[in-house]
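Inspection log for the structure reproduced underneath, given as structure tokens.
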Protein chains: 2
Amino acid sequence: MNAVNLKQLALELNLSVSTVSRALRDSWEISTPTKQRVFDLAKKMNFQPNPYASSLRKHRSRTIAVVLPEVANNFFALAIKGIETVAREKGYHVLIYLTNEEAAEEMAIASSLQSGRVDGVILSLCGSTKETRHLLELQQRNIPLVFFDRVCEELTAPKVMTNDYESGFIATEHLIKAGCRRVAHLTISMSLSISHRRQEGYVDALRRWELPCDPSLVVHCPREEEESYRMIRELFSSSFRPDGVFASVEKLAVQVYHVCRELGLRIPEDVKVISFSNLVTASLLEPSLTTIAQPAYDMGKEAATMLFRRLEKKYIVVPDDQVMLPARLEVRNSTRAV
Amino acid sequence: MNAVNLKQLALELNLSVSTVSRALRDSWEISTPTKQRVFDLAKKMNFQPNPYASSLRKHRSRTIAVVLPEVANNFFALAIKGIETVAREKGYHVLIYLTNEEAAEEMAIASSLQSGRVDGVILSLCGSTKETRHLLELQQRNIPLVFFDRVCEELTAPKVMTNDYESGFIATEHLIKAGCRRVAHLTISMSLSISHRRQEGYVDALRRWELPCDPSLVVHCPREEEESYRMIRELFSSSFRPDGVFASVEKLAVQVYHVCRELGLRIPEDVKVISFSNLVTASLLEPSLTTIAQPAYDMGKEAATMLFRRLEKKYIVVPDDQVMLPARLEVRNSTRAV
DNA sequence: ATTATTTACGAAAACGTTGTAGTAACCCAG
DNA sequence: CTGGGTTACTACAACGTTTTCGTAAATAAT
């Protein structure tokens with residue numbers, strides 16, 4: 001692979017390997033003219049230090065892992081961008097792992113990260129994760145772990161979140177104010193704390209407006225597209241169907257649109273829809289979709305920043321500081337009062 | 001970090017480091033009972049071999065790099081998923097780098113990858129890349145490079161592409177058949193070969209239907225959103241505006257929709273729109289968007305497969321085999337004949 | 001003039017793994 | 001019972017860096 005190394009430079013320059021190494025790192029122990037000679041030759045020979053030798057020696061890989069449930073989703077895609085931006089600024093490399101919402105894959109990935117391959121991990125839980133031993137083990141190996149959006153409440157770790165409770169409340173209240181009386185909540189796995197928070201916000205908004213909480217209106221959609229579609233279709237086929245829907249996940253809102261088309265339900269006349277979403281096309285949908293948009297890019301940047309703060313232990317860091325970035329309500333036609 | 005290593009296992013078992021190493025790799029040189037003892041202790045102590053020591057020794061990192069212009073875009077996001085899937089199957093790790101469409105960043109990344117950090121690279125050129133020295137240097141370091149969608153025609157390397165020429169032709173012809181006589185082509189940087197191919201298809205379709213090629217109808221949109229928006233707006237503000245638009249890039253189609261709203265132009269009555277796009281919401285837009293959809297996930301898988309074929313040189317591989325996966329025309333209302 | 005300090009470098013040992021070369025111990029043939 | 005072959009291990013060097021320790025030579029202090 002990379003043929004040129006310190007030994008060759010040293011040989012060429014009649015210097016020792018240590019001197020060359022030090023010169024390249026601009027050590028004060030090396031005289032200016034020598035440094036210059038080393039720099040020049042290194043540049044000429046296009047010397048690139050072997051990162052693995054360096055990592056082995058220094059016990060630092062300058063690499064972090066980002067573990068996500070999926071990426072074909074604007075939220076996570078933007079988050080990656082935020083993370084990558086900060087990482088490259090800091091001279092770090094980013095390994096990406098997708099769990100595909102499978103707890104087993106998340107565990108396998110976490111386990112493999114115990115090898116010391118990475119200095120730190122940014123993770124967003126997958127919906128099917130039930131236990132957190134694999135994450136605890138990471139922490140026990142002294143690999144800093146930062147949670148991101150889908151945080152793990154049981155573990156002590158830095159977390160970057162959105163104000164899920166408030167957002168759930170606001171979304172539901174928005175539907176109610178627009179005239180809805182039977183508001184459904186579509187969500188994914190209830191083992192995720194963000195789902196809980198949003199659900200709590202939903203429930204409290206109903207209470208606040210003295211509307212009944214019908215458990216049949218809270219639908220936990222599975223990962224499988226078809227199954228999920230079927231459940232939503234069923235929800236809307238009932239004679240006593242909801243007149244408003246709060247979708248916790250973008251994908252579910254899209255399915256709601258499709259179901260409504262299939263069933264001939266008009267949005268917002270028959271059903272109003274609001275969704276957590278970062279769709280760039282929200283405003284171009286028919287009808288345009290009212291969204292709760294999370295600051296995905298900033299959340300990514302923030303998570304990365306928190307991780308690097310821990311990695312470059314410049315000062316004592318609180319082990320579980322949490323950052324909460326507010327989501328924005330973007331009102332559009334899918335919740336227009338009619 | 002990771003405290004447990006071969007030496008400790010060896011010490012505990014009264015064996016040499018080499019024996020433990022070989023036992024773990026299930027070598028025939030080690031007796032079955034010894035292997036069992038080693039396995040058991042390794043499991044008990046949760047031993048994870050240090051990947052950097054291994055990489056250093058073996059000159060293989062089992063890591064690849066994916067270099068993309070952006071990720072907040074369904075096409076690239078799906079591609080990553082395809083790549084990651086294949087990579088994890090093969091036991092490889094995936095480093096991700098975003099160029100943000102900046103040639104300078106692409107060069108810096110390529111340069112840093114010369115260090116031997118990765119065994120191979122999958123890359124999609126960024127729009128502003130003019131020269132390819134940085135990529136050539138990678139190849140000269142014997143780091144296999146596979147191009148993906150935005151390929152580099154000057155370099156000899158495996159490439160995974162879409163049938164851009166045909167797609168450009170089909171898209172344009174589709175507009176013409178729907179009644180358009182002044183078809184515009186919105187594209188990004190013309191230094192990309194895919195832009196050229198699509199443009200060629202566009203031109204040939206116009207010729208085939210004996211329509212004039214008005215150069216003012218081919219608009220090269222810059223990366224900056226506002227600037228790009230301004231140019232599209234200008235195009236449509238002209239008194240002799242196009243009655244059909246072929247957008248080479250999803251983002252531009254979205255901007256066309258916005259411009260049309262702003263100018264009060266109706267799609268498809270006043271302007272018909274077709275676009276390269278992998279938007280999941282294409283069918284939900286107002287009006288639903290006719291797209292040329294690339295098989296992004298499969299392209300990612302294919303690119304990764306080609307790369308691994310090269311890395312695991314089981315047999316002689318052609319240095320520049322190219323795979324062309326066809327894009328699909330998905331006809332929707334934005335090109336409805338009226 | 002002698003000793004202390006600084007400057008500029010080199011030798012060598014790590015880091016944890018893998019591969020090569022070697023070697024005791026045992027088995028079997030002659 | 002000697003010699004060739006197998007079995008099951010060990011010793012050691014190597015991968016390319018970084019770092020600790022050491023030391024000649026030059027300079028400064030006494």
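None of these values were measured; they are calculated from a predicted model. Every chain is numbered from 1 and lettered A, B, ... according to where its sequence line falls, protein lines coming before strand lines.
Taking atom CD1 on A/Ile30 and atom C1' on D/dT19, their separation rounds to 13 Å, with Å as the unit. Atoms CG (B/Leu24) and P (D/dC9) sit 13 Å apart, rounded to a whole Å. Across the protein-nucleic acid pair, A/Asn50 atom CG and C/dT17 atom C1' stand 14 Å apart, rounded to whole Å. Distance B/Tyr52 OH to C/dG16 C1': 14 Å, rounded to the nearest Å. Atom CG of B/Leu56 is separated from atom P of D/dT17 by 9 Å (rounded to the nearest Å). Rounded to an integer number of Å, the gap from A/Arg57 CZ to D/dG16 P is 16 Å. Counting to the nearest Å, the C1' atom of C/dG16 and the CZ atom of B/Phe47 are 8 Å from each other. Rounded to whole angstrom, the span from the CZ atom of A/Arg22 across to the C1' atom of D/dC21 amounts to 10 Å.
Residue-to-nucleotide contacts include no donor-acceptor pair under 3.5 Å from the side chain of A/Thr19 to the base of C/dA8. For B/Thr34 and D/dA8, a side-chain-to-base donor-acceptor distance below 3.5 Å is absent, hydrogens and geometry of angles not being considered.
OP1 or OP2 of C/dG16 has at least one side-chain nitrogen or oxygen of B/Asn5 nearer than 4.0 Å. In this model, the phosphate group of D/dT18 is approached by a side-chain N or O of A/Ser21 to a distance below 4.0 Å at OP1 or OP2. For the OP1/OP2 pair of D/dT19 and a distance below 4.0 Å, the side-chain nitrogens and oxygens of A/Arg25 include at least one atom meeting the criterion. Using a 4.0 Å cut-off, no side-chain N or O of B/Ser18 falls inside it from OP1 or OP2 of D/dA11.
With the nearest nucleotide of DNA chain C identified for both A/Asn14 and A/Ala53, A/Asn14 has the one nearer the 5' end. Place A/Lys7 and A/Ser54 on DNA chain D by their nearest nucleotides, and A/Lys7 ends up nearer the 5' end.
Listed candidates were C/dT18, D/dT18, D/dT10. Nearest to the side chain of A/Val17 is D/dT18. In the set D/dT19, D/dC15, D/dT17, D/dC15 carries the atom at the smallest distance from any side-chain atom of B/His59.
Of the N and O atoms on the side chains of A/Glu105 and A/Thr99, not one donor lies less than 3.5 Å from an acceptor on the other residue. Counted by atom type alone, B/Thr19 and B/Ser16 present one or more donor-acceptor pairs between their side chains at under 3.5 Å.
Dense packing is recorded around NZ of A/Lys35, with more than 12 heavy atoms of other residues, nucleotides or ligands lying under 6.0 Å away.
Under the 4.0 Å criterion applied to side-chain N and carboxylate O atoms, B/Arg310 and B/Asp321 are assigned as salt-bridge partners.
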task = Mind running side chain to side chain donor-acceptor pair (under 3.5 Å) on A/His93 and B/Arg117 for me, showing each step along the way?
result = CA-CA 10 Å; A/His93 299 257; B/Arg117 186 180 292 276; 3.2 Å; yes
